[in-house]
Amino acid sequence: MRYRAVLRAGLLLAVGALRSSRAADLMQGRALVMHGAPGITACSSCHGVNGQGNYRLGYPRLAGLDPGYIFHELESFKHFSRENAIMQPVAQRLSRVQMMDVAAWFASQKPLPPKGVHPSERTIALGEKIARRGVWSRNVPGCFTCHGPRGAGVGSRFPRLAGQYPNYLKTQLHDWRRGFRRNDPLGLMQAIASRLSHREMSAVSEFLAVDRIHGKAPALPGRRVTRLRYTRNFLPPLESAIPRGSFGAMVRQGERIFDDTPAEARRYAGNVLSCRNCHIDRGRKAGSAPMWAAYVAFPAYRVRNHKVTTIEQRIQACFRFSENGHPPPQDSRTMTALVSYFYWLAQGAPTGAEMQGRGYPPLKTPPHPPNAVSGAQIFASHCAVCHGPDGQGTRDASGSYVFPPLWGPRSYNSGADMHKVKLAAEFVRANMPYGRGGMLTAQQAWDVAAFVDSHPRPPDPRKRR
Ligand code: HEC
Ligand code: HEC
Ligand code: HEC
Ligand code: HEC
C-alpha cells in the first residue's frame with residue numbers, strides 16, 4: 001500500500017506543477033519563508049531565512065536540498081506519513097503552490113559548512129565504515145550507495161545527508177524505527193534503521209554531519225570494526241586485515257577494480273557496470289556470487305565442453321559479457337590484482353570445495369511461466385525509483401552512475417549470465433530491491449527478470465559479424 005502512496009505523491013507533484021500553470025516563484029517563496037502568511041508561521045523562525053536550520057534545537061538545514069525532496073516531505077507531513085508535532089500543523093496550512101515556492105527558495109540556498117560538531121576519531125571511523133561500506137552482516141548497505149558519493153544526494157528521492165545536523169539525522173533514524181516516519185519508498189529506510197544499533201546510528205549521524213562533500217575520499221582507516229558474518233561456515237577476512245607490502249597493495253588494487261571497474265580497468269571494461277554491481281559488498285556477500293566461494297571452486301571441469309576452466313578464464317568471461325568489454329590477458333596487472341583480491345578473500349577457506357553461499361540462492365521452476373507483463377508492474381513499483389522508469393539507471397550531479405542501468409547500450413550484453421532469466425531472477429530475489437532482498441515472492445522475481453530480459457542490449461560478441 002505504501003508504495004502506492006509514494007507513487008501517488010510523485011504523481012501529485014507532477015500534476016501540481018501542471019495545474020499551477022506557472023513555475024515555482026523564488027521571491028514568493030522567500031517572502032513566505034521570511035514573513036509567513038495568515039495562519040502560517042514564518043519558516044525563518046526555525047530554519048533561518050537561508051535555510052541553515054538550528055543545530056542546538058534540531059531544526060534541519062534545508063539549504064541546497066533538492067526541491068522535489070522538500071516538496072515530498074511537506075506533503076508527507078500534511079498527509080501524516082511523517083509525524084511531527086511542529087511541522088504537521090505548518091504543512092497542513094500550505095497550499096501546493098506555496099510548497100513549491102518555498103521548496104524552490106530553500107533549494108536555491110547554499111548550505112554552510114558544518115560548525116560545532118566534533119566527533120571523536122573512533123566515532124568517525126565507525127561512522128565512515130557504515131556510510132561507505134554498510135553493515136552487510138545485518139544486510140545494511142552503505143549509505144553512500146543510495147545517497148550518492150559522500151552523501152551529496154541523488155535526484156529528488158535520495159536527499160543529501162552530508163552537512164546535516166547530527167541530532168536531526170539521529171532523530172530521523174529513530175523515527176523510522178518507531179514508525180513515526182513512514183514516507184520512504186519501499187520501506188528502504190525503515191528496514192535500514194531497524195537493523196542498526198543505537199551506537200551505529202549515532203556514529204554514522206556524526207560522521208555525516210562533518211563529512212565534506214567536496215574533495216577526494218580519504219583511504220578507509222585500517223581499524224577493526226564490525227565482524228562480517230555471512231555464513232556459519234566461512235567469514236572473509238576484514239578489510240583492515242589486508243597486509244602491508246606489495247601483496248597488500250595488489251589486493252587493494254584488485255578491490256578497487258572490483259569496486260569501480262570502468263575507472264580502474266578502463267582498457268577492459270566496455271560499459272558502466274562494476275563487478276560489485278552484481279557481486280554485492282565487493283564480492284563478499286553470501287548469496288550474491290561471492291568471490292571467496294568462487295576462488296576455491298576453480299579450476300573446474302565443465303561437462304558442456306569437456307574443458308577445465310580456471311578462475312582467470314571465469315573472470316575473462318565476466319569482462320567479455322557482463323562488462324561487454326575485452327578480457328584482460330592472464331598475465332596483465334588487472335588480472336593479477338583481481339586474483340590476488342579473491343585469493344585473499346578466500347583465506348582460510350577449504351580448497352576444491354562447494355561452499356555454502358556460492359552463486360545466487362537457486363529458485364525452482366516457477367508454477368506459472370515468467371510473465372513480462374506483470375513484471376512491468378513490479379518494475380514500476382519496486383525498481384524504477386532507483387534504476388529509472390526507463391531502466392537506464394540514475395546518475396548523480398557529477399554524471400557518474402549511482403544506480404546502474406539494467407538494459408540498453410550501457411548494460412551487460414546478451415552473452416552475459418545475467419541475461420539468463422533464471423540467474424537474473426535468483427539474483428533479484430536475493431538482492432533486490434537493494435537492501436531489501438527477499439521482499440519479492442519467487443514468482444515476482446521471475447516476472448520482473450523476464451521483463452528486464454525482454455529489452456534490447458548489446459549483442460553477444462560471439463554472434464557479432
Ligand atoms: C517552530 C519551528 C518550525 C517552523 C516554523 C518550521 N519548521 Fe520545518 N521543521 C521543524 C522541525 C523541528 C523539523 C524536523 C521534523 C522531524 O523531526 O521530523 C522540520 C522539518 C522540516 C522539513 C523536512 C526536512 C528534511 O530534511 O526532511 C522541511 C522540508 C521543513 N521543515 C520545511 C518547513 C517550511 C517550508 C516551513 C515554513 C512554511 C517550516 N518548515 C517551518 C521546525 C520548524
Ligand atoms: C537503499 C537505499 C538507501 C540506503 C542504502 C540508505 N538510504 Fe537513507 N534514505 C533513502 C531514501 C529513499 C530516503 C528518502 C525518504 C523520503 O522520501 O523521505 C532516505 C532518507 C534518509 C534520511 C532523512 C534525511 C532528511 O533530510 O530527513 C536519513 C537521515 C537517512 N536516509 C540516513 C541514512 C543512513 C544513515 C544510511 C546508511 C546507514 C542510509 N540512509 C542508507 C534510501 C536509502
Ligand atoms: C534502492 C535502490 C534500488 C532498487 C529499488 C532496486 N535496485 Fe537493483 N541495484 C541497485 C544498486 C545500488 C545496484 C548495484 C549494487 C552495488 O553496486 O552494490 C543494483 C544492481 C542491480 C542489478 C545488477 C546490475 C545491473 O545493472 O544489471 C540488477 C539486475 C538489478 N539491480 C535489478 C533490480 C530489479 C529487477 C529491481 C526491482 C525488483 C531492483 N533492482 C530494485 C539499487 C536498487
Ligand atoms: C551484470 C552482472 C555482472 C557483472 C557486472 C559481473 N558479473 Fe561476474 N557473474 C555474474 C553472474 C550472473 C555470474 C554467475 C553466477 C552463478 O553462476 O551463480 C557471475 C559469475 C562470476 C564468477 C564465478 C562465480 C562462481 O562462484 O562460479 C566470477 C569469478 C566473476 N563473476 C567475476 C566477475 C568480475 C571479476 C567482474 C568484474 C570485472 C564481474 N564478475 C562482473 C554477473 C556479473
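All ligand and atom numbering here is 1-based and tracks the order in the structure.
Gln392 and Arg410 form no side-chain donor-acceptor contact under 3.5 Å, judged by distance and modelled atom types alone.
Ring planes of Tyr341 and Trp344: parallel class, angle under 30° (limits at 30 and 60°). Trp136 and Tyr434 have perpendicular rings, their planes meeting at more than 60° on a 0 to 90° scale where under 30° would count as parallel. Tyr165 and Tyr55 have parallel rings, their planes meeting at less than 30° on a 0 to 90° scale where 60° marks the start of perpendicular. Using the six-membered ring where Trp is involved, Phe258 and His279 have ring planes that are tilted, between 30° and 60° apart.
The distance from atom 8 (Fe) of ligand 4 to the nearest N/O/S atom of His279 is under 2.8 Å. When distances to atom 8 (Fe) of ligand 1 are checked against a cut-off of 2.8 Å, Met87 contributes an N, O or S atom below that limit. Look at Cys278 and atom 8 (Fe) of ligand 4: no N/O/S atom of the residue is under 2.8 Å from the metal.
Atom 21 (C) of ligand 2 has its nearest heavy-atom neighbour, among Trp176, Phe207, Tyr69, in Trp176. Scanning Tyr165, Phe77, Phe71 for the heavy atom closest to atom 22 (C) of ligand 1 points to Phe77. Looking at His47, Glu83, Gln98, Glu75 and measuring to atom 31 (N) of ligand 1, the nearest heavy atom belongs to His47.
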Evaluate the salt bridge (charged side-chain N to carboxylate O under 4.0 Å, His left out) criterion for residues Asp417 and Lys420: first the C-alpha distance (whole Å), next the side-chain angles of each, then the deciding distance (0.1 Å), finally the verdict. CA-CA 6 Å; Asp417 278 331; Lys420 295 170 186 150; 2.6 Å; yes
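Close approach of ligand 2 to Ile192 is summarised as follows: ligand atoms under 4.0 Å from at least one heavy atom of the residue are 3 (C), 4 (C), 5 (C), 6 (C), 38 (C), 41 (C). Listed by atom number, the atoms of ligand 4 under 4.0 Å from Ser322 heavy atoms are 3 (C), 4 (C), 5 (C), 6 (C), 7 (N), 42 (C), 43 (C). Counting the atoms of ligand 2 from 1 in the order shown, those under 4.0 Å from a heavy atom of His72 are 16 (C), 17 (O). Counting atoms of ligand 2 from 1 in the listed order, those under 4.0 Å from a heavy atom of Val204 are 35 (C). Contact atoms of ligand 2 toward Gly142: 5 (C) (distance under 4.0 Å to a heavy atom of the residue). Each of the following atoms of ligand 1 lies closer than 4.0 Å to a heavy atom of Glu73: 27 (O). Every atom of ligand 1 is numbered from 1 in the order shown, and the set under 4.0 Å from a heavy atom of Val102 is 35 (C). For ligand 1, the atoms sitting less than 4.0 Å from at least one non-hydrogen atom of Ile70 are 29 (C), numbered in the order shown with element in parentheses. Close approach of ligand 2 to Arg157 (heavy-atom distance below 4.0 Å) involves ligand atoms 11 (C), 12 (C), 13 (C), 14 (C). Residue Ser45 has at least one heavy-atom neighbour below 4.0 Å for each of these atoms of ligand 1: 5 (C). Atoms of ligand 2 lying under 4.0 Å from any heavy atom of Leu161, numbered from 1 in the order shown and given with element: 22 (C), 24 (C), 28 (C), 29 (C), 30 (C), 32 (C), 33 (C). Near Phe319, meaning under 4.0 Å from any of its heavy atoms, are these atoms of ligand 4: 38 (C). Against a heavy-atom cut-off of under 4.0 Å, Ile86 is close to the following atoms of ligand 1: 1 (C), 2 (C), 3 (C), 12 (C), 42 (C), 43 (C). Near Cys143, with a cut-off below 4.0 Å to any heavy atom, the atoms of ligand 2 are 34 (C), 35 (C), 36 (C), 37 (C), 38 (C), 39 (C), 41 (C). Close approach of ligand 1 to Ala42 (heavy-atom distance below 4.0 Å) involves ligand atoms 5 (C). Numbered from 1 in the order shown, with element, the atoms of ligand 2 that lie under 4.0 Å from a heavy atom of Tyr434 read 1 (C).
Neither the backbone nor the side chain of Val33 comes within 4.0 Å of ligand 1, counting heavy atoms alone. For Pro185, every heavy-atom contact with ligand 2 shorter than 4.0 Å involves the side chain, none the backbone. At a heavy-atom cutoff of 4.0 Å, ligand 4 is contacted by the side chain of Cys318 but not by its backbone. Under 4.0 angstrom from ligand 1, the non-hydrogen atoms of Leu65 all belong to its side chain. Here Phe427 has no heavy atoms under 4.0 Å from ligand 4, in either its backbone or its side chain. In Met291, the part holding a heavy atom less than 4.0 Å from any atom of ligand 4 is the side chain. Looking at Ser274 against ligand 4, only its backbone comes within 4.0 Å, counting heavy atoms. Contacts of Leu74 with ligand 1, taken as heavy-atom pairs under 4.0 Å, involve the side chain alone.
Residue contacts with ligand 2: Asn183 is placed with a nitrogen or oxygen under 3.5 Å of a nitrogen or oxygen of the ligand (distance criterion only). Taking only nitrogen or oxygen atoms, main chain and side chain alike, Arg181 reaches within less than 3.5 Å of ligand 2.
Taking 4.0 Å as the cut-off, Gly36 does not count as a neighbour of ligand 1 on heavy-atom distance. In this structure, Pro159 has no heavy atom closer than 4.0 Å to ligand 1. At least one heavy atom of Leu273 lies less than 4.0 angstrom from ligand 4.
The backbone N or O of Gln52 sits nowhere less than 3.5 Å from a side-chain atom of Asn50 that would complete a donor-acceptor pair. Not a single donor-acceptor pair under 3.5 Å links the side chain of Arg457 to the backbone N or O of Ser411.
At least one side-chain heavy atom of Phe77 sits less than 4.5 Å from a side-chain heavy atom of Asn84.
Nearest protein heavy-atom contact of atom 2 (C) of ligand 1 is Cys46 SG, 1.9 Å. In this structure, the protein non-hydrogen atom closest to atom 20 (C) of ligand 4 is Arg314 NH2, 2.9 Å. Protein heavy atom closest to atom 18 (O) of ligand 4, with residue, atom name and distance, is Gly359 CA, 3.4 Å. In this structure, atom 23 (C) of ligand 1 lies nearest to the protein heavy atom Arg82 NH1, 3.5 Å. With hydrogens left out, the protein atom closest to atom 34 (C) of ligand 1 is Cys43 SG, 3.4 Å, a heavy atom. Of the protein's non-hydrogen atoms, Gln172 NE2, 2.9 Å is the one closest to atom 17 (O) of ligand 1. Nearest protein neighbour of atom 16 (C) of ligand 1, counting heavy atoms only, is Asn84 ND2, 3.2 Å. Atom 26 (O) of ligand 1 has its closest protein heavy atom at Tyr168 OH, 3.2 Å. With hydrogens left out, the protein atom closest to atom 13 (C) of ligand 1 is Pro60 CD, 3.4 Å, a heavy atom. Among all non-hydrogen protein atoms, the one lying nearest atom 12 (C) of ligand 1 is Tyr59 CD2, 3.3 Å.
Other residues, nucleotides and ligands contribute at most 12 non-hydrogen atoms within 6.0 Å of the OH atom of Tyr343. Around the CZ atom of Arg333, the shell of radius 6.0 Å holds no more than 12 heavy atoms that belong to other residues, nucleotides or ligands.
Separation of the Phe298 and Phe342 ring centroids does not fall under the 6.0 Å cut-off.
The shortest heavy-atom contact between Pro141 and Gly435 is CG-CA, 3.6 Å.
Angle NE2(His147) to atom 8 (Fe) of ligand 2 to SD(Met189): 170° [nearest 10 degrees].
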